[in-house]
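Note sheet for the following structure.
So that the names make sense, note that chain A is the first sequence line, chain B the second, and so on, each numbered from 1. All values derive from a computational prediction rather than experimental measurement.
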Number of protein chains: 2
Amino acid sequence: MSNTGGRRRPPTIHDVAREAGVSRGTVSRVLNGGHYVSPAAQEAVNAAIRRTGYVVNRHARSLITGRSDSVGFLLTEPQEKFFEDPNFNVLLRGCTQALAAHDIPLLLMLAGTEDERRRITRYITSGHVDGVLLVSSHSGNPVAEELSEAGVPLVACGKPIGLGSKISYVAADDRDGARDMTRHLLSLGRRRVGMVTGPLDTPGGVERLAGYKEVLAEAGIAVDDDLVVSGDYSRLSGERGAERLLAQVPDLDAVFVASDLMARGVLTTLERAGRRVPEDVAVGGFDDSPAALASSPELTTMRQPFDRISAEMVRVLLAQIGGEDTAAVILPTELVKREST
Amino acid sequence: MSNTGGRRRPPTIHDVAREAGVSRGTVSRVLNGGHYVSPAAQEAVNAAIRRTGYVVNRHARSLITGRSDSVGFLLTEPQEKFFEDPNFNVLLRGCTQALAAHDIPLLLMLAGTEDERRRITRYITSGHVDGVLLVSSHSGNPVAEELSEAGVPLVACGKPIGLGSKISYVAADDRDGARDMTRHLLSLGRRRVGMVTGPLDTPGGVERLAGYKEVLAEAGIAVDDDLVVSGDYSRLSGERGAERLLAQVPDLDAVFVASDLMARGVLTTLERAGRRVPEDVAVGGFDDSPAALASSPELTTMRQPFDRISAEMVRVLLAQIGGEDTAAVILPTELVKREST
DNA sequence: TTCTCTGCTGTGAACGCTCCCAGCACGGTG
DNA sequence: CACCGTGCTGGGAGCGTTCACAGCAGAGAA
């Protein structure tokens with residue numbers, strides 16, 4: 001008796017109630033935690049649900065509760081860049097799975113153009129999702145503030161810019177990671193340690209630079225301006241950065257690079273310049289993205305715990321949806337030693 | 001008068017009707033195409049919508065229409081693999097954008113484990129999405145058949161396996177692409193043209209091999225078994241495949257590789273073996289993934305039109321949801337000449 | 001005139017669920 | 001005995017929308 005063709009009308013809570021010999025109210029109570037339901041009724045309802053194959057109609061539920069029991073995953077601005085970033089994929093996957101554990105669907109929202117941004121903002125603020133997981137590059141974008149001000153639960157990945165911002169976020173401990181990597185390079189006996197930074201208009205970029213400078217200062221090494229060049233996380237900017245470093249600091253013996261992708265660019269330049277890695281110059285990256293393993297030599301890097309970040313983002317968002325006040329979560333990074341140091 | 005803190009109750013169709021001086025029914029008609037509405041009423045309603053900032057409550061609408069006005073993007077099985085595949089990202093992005101143009105949200109669904117598979121199947125078949133965009137590696141998975149039999153509109157990316165399958169799909173013309181590439185290699189004067197195939201339990205793998213063989217036969221070149229080795233689209237299998245090819249066919253002067261990722265592996269092996277590319281051996285890939293540009297030398301490859309594939313998937317799915325009968329869509333590939341040939 | 005047809009409008013009834021309240025039985029306490 | 005609290009149950013109301021239907025005015029045909 002196959003059901004090819006049309007979809008048959010699914011059973012409702014009414015059908016379940018009749019099947020179990022109880023009222024709709026009792027079925028609903030079982031569905032929502034089972035408080036104030038006798039064990040006998042509980043059992044009868046569960047059996048009826050199994051027999052009928054009942055699945056709650058979320059639209060009907062949402063209509064009355066005002067909740068949608070879904071959350072949005074919002075990506076603002078330069079989509080190409082993000083979609084090429086393997087870290088983004090890990091994040092998206094992690095969030096989807098963490099939400100699935102709570103039976104909450106994830107809606108993917110891409111706000112590339114201004115039009116899309118407006119449409120999506122309207123969609124969100126009119127209550128079609130209970131909260132938003134936000135991923136954005138230069139995180140000082142207006143969408144976050146707008147949503148946050150409209151009272152929409154919101155958790156960002158990485159620290160948002162604006163100082164007064166009360167937006168909750170989850171991030172890796174950039175400064176501490178940078179400290180660890182710099183210490184690691186010093187521990188190899190290197191003393192001319194350069195750095196290729198990330199974009200310095202983002203908290204992450206600033207923090208990684210700060211950590212690097214701190215450790216050099218601690219070690220009593222003058223923080224030479226020539227030792228620091230800035231990049232934008234792209235591979236090409238790594239190549240260019242290394243060229244400038246080599247020109248400014250011919251006796252360079254190590255580089256801390258603020259992202260793995262840039263670090264690959266650095267490796268390329270070093271190879272062209274005839275410097276051996278790690279013998280002549282040790283190279284440390286940041287992220288532990290797949291790029292770190294794909295390079296030759298394989299990159300020593302600071303692992304950002306993206307699986308934990310996504311899990312925490314979901315946890316914090318759900319807490320916020322539940323009415324709790326939430327704060328920032330900073331997760332530790334981990335040094336992964338490979339061939340480049 | 002900021003609205004910090006709680007979210008105010010959004011305006012309903014009733015508010016709009018009062019504001020415009022018409023009835024709910026008229027507002028609803030304007031919202032749904034504006035048939036049988038006088039221009040004056042039309043205008044009054046639109047103005048009222050703008051003034052009140054009204055946004056339709058999709059839950060209420062879905063409750064009565066039975067449609068959810070959302071679709072699922074379902075990824076089955078080996079998620080790691082797919083998430084690392086840049087093509088997958090292009091597909092996901094393309095589908096999201098194509099759907100956004102129709103104001104339809106995309107729900108991301110990952111069915112890795114058997115448990116997730118069951119949960120998601122229940123979710124889908126109980127009408128929480130209107131249709132499903134399916135991406136799967138070995139596309140002969142049971143989910144597709146199950147959903148299709150339950151009457152859920154479904155479009156797969158790439159040809160599903162099972163012969164009797166009536167599932168609509170969108171795919172690149174693998175056979176034709178393979179023919180073009182093989183012809184291209186022959187046009188360079190190469191005569192010992194090997195092939196590293198994809199998995200031969202998938203239609204794509206089979207088709208690419210078939211196209212290759214056809215052209216060799218046309219050209220009157222014996223299709224030597226030694227010339228063909230099989231891979232699984234992974235980089236490593238490309239390396240291994242090339243090793244076997246070199247052992248079996250020492251005078252190899254070209255290779256058609258069924259994916260760019262494998263082609264990179266082939267390049268690695270050829271370099272190790274001291275063969276110059278393209279001087280000694282020309283290498284042609286398939287996909288035109290970012291990997292093709294990142295390799296050295298840059299890969300000549302057959303471009304799969306992933307942006308068009310995603311757009312077509314959405315078009316076909318919406319047609320199917322609208323009740324139309326839909327067929328398979330095969331899109332042409334395009335030869336992209338670069339340094340490796 | 002009268003009747004029909006067309007274009008437009010308003011209204012009651014769903015859709016399937018949760019919330020709330022009234023009410024039951026029962027045991028303990030004043 | 002009366003009263004209250006507790007655990008549990010049933011049913012009415014209502015969430016915001018679309019749908020079906022009835023009804024209206026005005027134009028044109030009989």
Side-chain angles (χ1 to χ4, degrees), chain A residues 7-46 48-49 52-70 103 122-123 125-130, chain B residues 7-46 48-49 52-70 103 122-123 125-130:
Chain A
R7 296 153 93 162
R8 97 176 33 150
R9 208 172 64 68
T12 72
I13 202 173
H14 220 108
D15 300 323
V16 175
R18 189 157 25 78
E19 181 80 12
V22 298
S23 71
R24 291 168 7 248
T26 300
V27 177
S28 177
R29 277 185 288 266
V30 171
L31 254 34
N32 294 286
H35 303 299
Y36 288 93
V37 180
S38 68
Q42 183 98 244
E43 184 44 45
V45 168
N46 282 327
I49 288 176
T52 54
Y54 171 77
V55 176
V56 69
N57 181 326
R58 291 172 171 244
H59 301 303
R61 171 182 283 173
S62 294
L63 184 55
I64 189 159
T65 61
R67 286 176 285 117
S68 71
D69 294 315
S70 67
D103 210 32
R122 267 170 74 96
Y123 185 86
T125 52
S126 60
H128 290 298
V129 293
D130 294 339
Chain B
R7 296 153 92 161
R8 97 175 35 148
R9 209 171 64 68
T12 73
I13 202 173
H14 220 109
D15 300 325
V16 175
R18 190 158 24 78
E19 181 81 11
V22 298
S23 71
R24 286 165 16 244
T26 300
V27 177
S28 179
R29 278 185 286 266
V30 171
L31 252 35
N32 294 285
H35 302 300
Y36 287 94
V37 181
S38 68
Q42 183 97 248
E43 184 44 46
V45 168
N46 282 327
I49 287 177
T52 54
Y54 170 78
V55 176
V56 68
N57 181 326
R58 301 171 93 109
H59 301 303
R61 171 183 285 173
S62 295
L63 184 54
I64 189 155
T65 60
R67 286 176 285 116
S68 71
D69 293 316
S70 66
D103 210 33
R122 269 170 72 95
Y123 186 85
T125 52
S126 59
H128 289 298
V129 293
D130 294 339

Options D:dC19, C:dC17, D:dC15, nucleotide nearest the side-chain atoms of A:A60: C:dC17

Over how many whole Å does the gap from B:L31 atom CG to D:dC19 atom C1' extend? 14 Å

What is the distance from CZ of A:R61 to P of D:dG16, rounded to the nearest Å? 18 Å

Within this structure, what is the CG-to-C1' distance between A:N32 and C:dG16, rounded to whole angstrom? 13 Å

If we ignore hydrogens and angles and just use 3.5 Å, is the side chain of A:R122 paired with the main-chain N or O of B:Y54 as donor and acceptor? yes

Among A:D130, A:D69, A:D103, which residue satisfies the salt bridge (charged side-chain N to carboxylate O under 4.0 Å, His left out) criterion with A:R58? A:D103

In whole angstrom, what separates A:I64's CD1 from C:dC15's P? 16 Å

What integer distance in Å separates A:H14:NE2 from C:dG16:C1'? 10 Å

Take the protein atom CZ of A:R18 and the nucleotide atom C1' of D:dT9, then report the distance between them rounded to whole Å. 19 Å

With heavy-atom distances below 4.5 Å as the criterion, would you say the side chains of B:H35 and B:R29 are in contact? no

Atom CD1 of B:I13 and atom P of D:dG16: how far apart are they, to the nearest Å? 11 Å

With B for base contact, S for sugar-phosphate-only contact and - for none (protein heavy atoms under 4.0 Å), nucleotides 5-10 of chain C reads ---BBB

Between B:I49, B:T26, B:L31, B:N46, which is the residue that forms a side chain to side chain contact (heavy atoms under 4.5 Å, CB included) with B:V16? B:I49

List the steps, then state whether side chain to side chain contact (heavy atoms under 4.5 Å, CB included) holds for A:D15 with A:R18. CA-CA 5 Å; A:D15 300 323; A:R18 189 157 25 78; 2.9 Å; yes

When the distance from CZ of B:R58 to P of C:dC17 is rounded to whole Å, what number comes out? 21 Å

Minimum side-chain heavy-atom gap A:S28-A:I13 below 4.5 Å: yes

